[in-house]
Amino acid sequence: MWEITENAKRKVYALGLLLLLTVTANATDRLASLPRPLLGGELSNSAATSVADIDEVMSRMRALGLNTVLVPAYWELLEPAEGHFDFTLIDRTIDVASAQQLYVVLLWFGAWKNSMSCYAPEWVKRDTRRFPRAMTAEGKQMEILSCFSDQVLQADLKAFSALMRHISERDPRRQVVVMMQIENEIGMLESARDHAPLAEQAYRREHWAERYGTDLLADEKFMALSYARYVEHLARAARSIHDMPLYVNAAMNSRGRRPGEYPSAGPLAHLVDFWQQGAPSIDLLAPDIYDTGFKSWAAQYAMPQRPQDGGTVRNRLFIPESRCCANSGVRALYAFGEHQALGFSPFAIDQASDADTRSVTRAYDLLRQVYGLTARRAPLTSYGLLFDQDDRERTIDDDGIVMTCRHYFTLPWDPRATDGSTWPEGGAMLLRLGHYDYLLAGSGVVVDFQTPSEHQQSVRRALGEDGFAEAGSSAQPAADSQHARSAAAGSRSPRRFSGKRIGLLSVDEVRIDSTGSIGYLRRHNGDQTHQGRHARIGVGEWKLLHIRLYDY
């Protein structure tokens, strides 16, 4: 039995850290090569299973204003007989996308799709001895191939490698296919981990129970590391064949569900250390956001830098799937504005109603304009706004400019605010172009601007649309304002207002052309700015406002 010296341990640690930093740096370079922004939409699962469907759907995606389409690549159709590959659908996707001037992100529906192995070819499904299934603790076989089987891995790897080689031949400069998703929503269902014989052997071999315990979270960690190691084999093969950004996507652990009630061990935020340890060649862990709490889910995957990561960002936000709905457009604006997301993609956009896709089209038009401007400037400070009936206000201190941002229905005179209607979400991207110079792109938001001292002393009054005090209303002091509290308490000597105020110099509705030049459309003033009190964009409107401020 040999012993590792402390010096050797330090060398191993230093080597591991160097490898991690090298992988992270390379990932940063790969992600920087992506077109920005990826204004995406993911096709429904069966939308690319025939040439005729591909021809029809891709032209529609272009008309919706997308620049990127997320398209499944199906193992069962790619390799219908073992060792015999058919790339007809892949070729058609690349050709039609190129003709429509669209980018493509391919989704490898290989060993797993939404946990299950439904896209494995017939010759894999029928041979359970060669390609064993995962099992519950009770010994029930599931429609989930075991990630502990080398036979499963080699078959999946062979097909995936053939796909990557074909893409490298058809699109060697990555002019169409710009990114690859490996598998789809990996994870165990019914059970937190696999209990099949091969899994049990690995579990004992790694002394997992002694290291982490035997609860559900320990089981989930074991499976996360095991799935990640499996994926790493595919990722390394991809790197050696056709180097492009690679990611894995996760079904969220929402609604109070326990591991196995949601896809246990997927690339979830609380398992990031295990996924990055097991699959260092993966560039992104990506959330599929369908539940409420969009902002919270997005924040979990926009992982900031840590000292131990060498000052690099742990994970960039890319949302490959989100519920396609009337709120999709403002959610996209929020993701790009708040987290500088790499891309956003509503799922099954090809099957969505016009009412739902309209918001995507309008938001993507605004984003295309904004990125046309920012591409020709130094990096700009940006914020994302997203409001609903319960989360309706945000205060931002932008280097001494205090911006109070609210849902449009907080304005007291809009009848939809109080008639019992469910509020549609309002959202925007807010950018600072320069000193006292802002750009607001969005729908259903209101923003006012103050100095810090003005904000501290402010008293919020209920005003009508004409700016006059509502009959019988009373001043509501700002929560953090000592001056306002004193006034409300009836103090005979309220403190005198001090400091400067911010005013609106101009609010112009604009459009940005392909050269990045801001073109004037119309001036917003009077009723449209509440007589100079704020900048606003109504619910159902999609506008780009150029806001200039002054102080007095």
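None of the values given here were measured: they were computed from a predicted structure. Just so you know, these numbers use all the heavy atoms, side chains as well, and skip hydrogens, waters and symmetry mates.
- E220 CD to L268 CG: the interatomic distance, rounded to the nearest 0.5 Å, is 6.0 Å.
- Inter-residue side-chain proximity for V447 and L385 is flagged as met; some heavy-atom pair is nearer than 4.5 Å.
- In this structure, the side chains of F344 and R331 come closer than 4.5 Å at one or more pairs of heavy atoms.
- To the nearest 0.5 Å, atoms NE2 (H546) and CD1 (I518) are separated by 5.0 Å.
- A tilted orientation is assigned to the rings of F449 and Y438, their planes being inclined by 30° to 60°.
- Between H270 and Y262, the ring-plane angle classifies as perpendicular under the 30° and 60° cut-offs.
- For the pair Q369/D365, a side-chain contact is recorded, criterion being any heavy-atom separation below 4.5 Å from C-beta on.
- Inter-residue side-chain proximity for W275 and V272 is flagged as unmet; no heavy-atom pair is nearer than 4.5 Å.
- The closest side-chain heavy-atom distance from R376 to T374 is not below 4.5 Å.
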Given the rule in the salt bridge (charged side-chain N to carboxylate O under 4.0 Å, His left out) test, do D273 and K221 qualify, once you have shown the distances and angles that lead to the verdict? CA-CA 10 Å; D273 289 337; K221 290 175 179 176; over 6 Å; no
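- For Q389 and T422, the side-chain atoms include no donor-acceptor pair closer than 3.5 Å.
- The ring-ring contact (aromatic ring centres under 6.0 Å, His included) test applied to Y247 returns F318, not counting sequence neighbours.
- No hydrogens or angles considered: nothing links the side chains of Q528 and N525 as a donor-acceptor pair under 3.5 Å.
- Shown here are the salt bridge (Lys or Arg N to Asp or Glu O under 4.0 Å) partners of E454, two or more places apart in sequence or in another chain: R501.
- Defined by atom type and a distance below 3.5 Å, a donor-acceptor pair is missing between the side-chain atoms of R316 and T28.
- Residues forming a salt bridge (Lys or Arg N to Asp or Glu O under 4.0 Å) with D215 (at least two apart in sequence, or on another chain): none.
- In this structure, Y334 has its ring center under 6.0 Å from that of H339.
- Under 4.0 Å is where a charged nitrogen must lie from a carboxylate oxygen, and between D291 and R255 at least one such pair does.
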